[in-house]
Engineer: 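Got a structure for you, questions after.
Numbers for residues simply follow the sequence, beginning at 1.
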Amino acid sequence: MDPMDDMRRDRIPLWASLAATLAACAAALAAVSLTGWSLFQPDTRYMVAIGRWIIENGELPTTDPLTLNEGLAYTCQQWPLCIAATAIFDTFGEAGIKCAAAALDMAAAATVWACTLDRGRTGAVHAAASAALAATIAVLCNSTPRGIDVMALCICYAAGGKWARGGRDSLLATFPAAGFAMAQLHGALWTVAAMVPCCLMLDGRLDRYGRLKALTAAVATVAACMLNPYGARMLMLPFLTMGAESLKSVGVGELAPWTQAAPVQAACACILAAALILFRCRVRRRGGGHVLLEAGDALVLGTLALALANVRNELFLFASMALALSDIQGEVAGPRARRPLALAACCTAALVAAVGCLAATVPAKTATEKSADGALAALEAAGADEGDAVVCDIDVGSELELAGYRPLLDTRAELYCPELNGGTDAWGAARSALAGDADAIEGIGADFALVPSGAYPALEDSLARLGFSRVHDDGTFAAFARKPP
């Protein structure tokens, strides 16, 4: 039999597995869109606004340039992505941003699939785990660049695992390279690049010289992360965010401990993580190994601790579990397809259908987006111009920034905390205004307000007493403008 025919036949199950993974990601993205969640989230709207500022001024901001809180220390941790988002939005509009977000999530899913292959072979367990994680990425990374974080973690783990099994020392250069990239693309999570070398230092398979090399790689990764426009200030950002007490009062769900936000899910995750680590230990013992702890075990335990402390780290836990499972894929590969060609055809059809559904949902606006457009039109009709101050909460602020207004708040919760902005409690002052404090409202100097309907009754009453009139209210957003004298 022709060896080329064998190679083509071996690629059929691989394509089927990859198609199933991408189909799961695309289907989850379409489902997210159909349930009312936009692929153009407030965080991305802010990124477009700050990207425009960077392009217009030719420099990176060191203080907040968009909201009414002038002078607050600010680190633009995703500046290349902000510039790219601006270019995409100004060229292709909202549909371009949504397509780019979907493409990034699917690229992350494909990276996970590739990095968890066991020596180029796939099986039912690998395909199912990849598809499940792909759907999770689509849901948790919704219109955010966190897919980049997953890609960095997977690439680092694949390189670290290959090196630990006797690969060349040049593989360790992957960690500093990933650190440099993460410091530019998502500086608040540059630590992702340092996770794997730190776990390798705890790997029982390595001797002291191997651990010394892993330590050197970790130090080199931190040094590479320093090569960003903000220097050491960027490196301190994740630690200051984790330790900021004032962030707890902002009410951002993803910053809460997992045990408080979703205790049942947290308990299930702990059970799954423990079962995976115990099974990995059993596989090693059955193979004659005596190593108590490997890098994969340390990574799962570390990301579990991070997820319990902060719910947005749950994505790293799920990715770590998929990576750790790939180490023992030979033991849990699952059945192989008897008719790979038929399976590949079915998976390809599923991928085409899922991408078609996703493409159909991209142009549609959600009810929230339609309401926001109506509220902004009402403000413009009431005389609001670009650069005008607007009283708002964090969710509406990014929409206002994209439209050219100067909001009181936006989704950058860390910007308003004194632990991160140089000591100014901007969130406390804004909370007073949202609570209806007339003096705080007048101190802002705004003639317009835009808030979720019914969310701040005390603010609405104070605005009425101060001479504001309601110019828009459709049950989702309410807009107010000061009556002319």
Side-chain angles (χ1 to χ4, degrees), residues 11 13-35 37 39-41 44 81 97-118 120-159 161 178 181-182 185-186 189 192 196 299 303 307 312-327 329 334 343-344 346-359 361-362:
R11 289 173 183 172
L14 290 177
W15 166 247
S17 177
L18 177 58
T21 299
L22 296 179
C25 184
L29 286 169
V32 165
S33 299
L34 291 173
T35 54
W37 285 90
L39 292 179
F40 191 17
Q41 287 291 318
T44 313
L81 296 179
I97 289 289
K98 293 177 179 179
C99 289
L104 178 59
D105 289 348
M106 294 183 72
T111 303
V112 170
W113 176 88
C115 291
T116 53
L117 274 175
D118 180 26
R121 298 194 303 269
T122 188
V125 173
H126 170 253
S130 299
L133 185 57
T136 302
I137 290 171
V139 174
L140 297 182
C141 295
N142 181 19
S143 186
T144 65
R146 296 184 63 197
I148 293 175
D149 308 334
V150 175
M151 295 168 70
L153 180 61
C154 291
I155 292 172
C156 287
Y157 190 85
M182 285 297 298
L185 300 175
H186 200 179
L189 289 174
V192 170
V196 174
L299 186 62
T303 52
R312 69 177 175 180
N313 292 323
E314 62 183 341
L315 179 61
F316 294 133
L317 172 61
F318 297 143
S320 299
M321 292 175 67
L323 293 169
L325 182 63
S326 70
D327 291 340
Q329 218 179 96
L343 178 62
C346 292
C347 292
T348 303
L351 175 59
V352 172
V355 172
C357 292
L358 177 59
T361 63
V362 164

Engineer: Would you call Thr303 and Asn313 a side-chain contact if the rule is heavy atoms closer than 4.5 Å?
Structural biologist: no
Engineer: With sequence neighbours left out, what residues match Ala324 under side chain to side chain contact (heavy atoms under 4.5 Å, CB included)?
Structural biologist: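 Ala324 satisfies side chain to side chain contact (heavy atoms under 4.5 Å, CB included) with Leu276, Arg280, Val300 once adjacent residues are dropped.
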Engineer: How long is the straight-line distance from CE of Met151 back to CG of Asp105, given to the nearest 0.5 Å?
Structural biologist: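 Going from the CG atom of Asp105 to the CE atom of Met151 covers 10.5 Å.
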Engineer: Rounded to the nearest 0.5 Å, what separation is found between the CZ atom of Arg312 and the CG atom of Asp149?
Structural biologist: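 Reported to 0.5 Å precision, the distance equals 9.5 Å.
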Engineer: Indicate every side-chain donor-acceptor pair of residues 127-141 with a distance under 3.5 Å to a residue at least two apart or in another chain.
Structural biologist:
unit_1: Ser130; atom_1: OG; unit_2: His126; atom_2: O; d: 2.8
unit_1: Ser130; atom_1: OG; unit_2: His126; atom_2: NE2; d: 3.4
unit_1: Thr136; atom_1: OG1; unit_2: Ala132; atom_2: O; d: 2.9

Engineer: Assess the residue pair Val150 and Leu315 against the criterion (side-chain contact (heavy atoms from CB on, under 4.5 Å)); give the C-alpha distance rounded to whole Å, side-chain angles, the decisive distance to 0.1 Å, and a yes or no.
Structural biologist: CA-CA 8 Å; Val150 175; Leu315 179 61; 3.6 Å; yes
Engineer: Quick one: does any side-chain atom of Thr44 pair with a main-chain N or O of Phe40 as donor and acceptor, under 3.5 Å?
Structural biologist: no
Engineer: Once side-chain hydrogen bond (donor to acceptor under 3.5 Å, both in side chains) is applied, do any residues pair with Thr21, and if so which ones, sequence neighbours excluded?
Structural biologist: none
Engineer: So, using side chain to side chain contact (heavy atoms under 4.5 Å, CB included) as the criterion, who are the partners of Ala110 when residues are at least two apart?
Structural biologist: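 For Ala110, the residues satisfying side chain to side chain contact (heavy atoms under 4.5 Å, CB included) (neighbours in sequence not counted) are Leu18, Leu22.
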Engineer: Among residues at least two apart in sequence or on other chains, which ones pass side-chain hydrogen bond (donor to acceptor under 3.5 Å, both in side chains) with Ser17?
Structural biologist: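 Ser17 satisfies side-chain hydrogen bond (donor to acceptor under 3.5 Å, both in side chains) with Trp113, Thr122 once adjacent residues are dropped.
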Engineer: Hey, could you give me the CG/CD1 distance between Leu189 and Ile148, rounded to the nearest 0.5 Å?
Structural biologist: 11.0 Å
Engineer: For Ala20, check side chain to side chain contact (heavy atoms under 4.5 Å, CB included) against everything at least two apart and list the hits.
Structural biologist: Cys347
Engineer: Just wondering, do Trp15 and Leu351 contact through their side chains at under 4.5 Å, heavy atoms?
Structural biologist: yes
Engineer: Can you list the steps and then say if Asp327 with Tyr157 is a side-chain contact (heavy atoms from CB on, under 4.5 Å)?
Structural biologist: CA-CA 11 Å; Asp327 291 340; Tyr157 190 85; 2.3 Å; yes
Engineer: Restricting to non-hydrogen atoms, name the atom on Met106 and the atom on Ala26 that form the minimum distance, rounded to 0.1 Å.
Structural biologist: CE-CB, 4.2 Å
Engineer: Side chains of Cys154 and Leu323: does their closest heavy-atom pair fall under 4.5 Å?
Structural biologist: yes
Engineer: Can you name the side chain to side chain contact (heavy atoms under 4.5 Å, CB included) partners of Ala102, sequence neighbours left out?
Structural biologist: Leu29, Leu358
Engineer: Heavy atoms, side chains only, cut-off 4.5 Å: are Val196 and Leu153 in contact?
Structural biologist: yes
Engineer: Go through the steps to decide whether Leu325 and Thr116 satisfy the test side-chain contact (heavy atoms from CB on, under 4.5 Å), and finish with yes or no.
Structural biologist: CA-CA 8 Å; Leu325 182 63; Thr116 53; over 6 Å; no
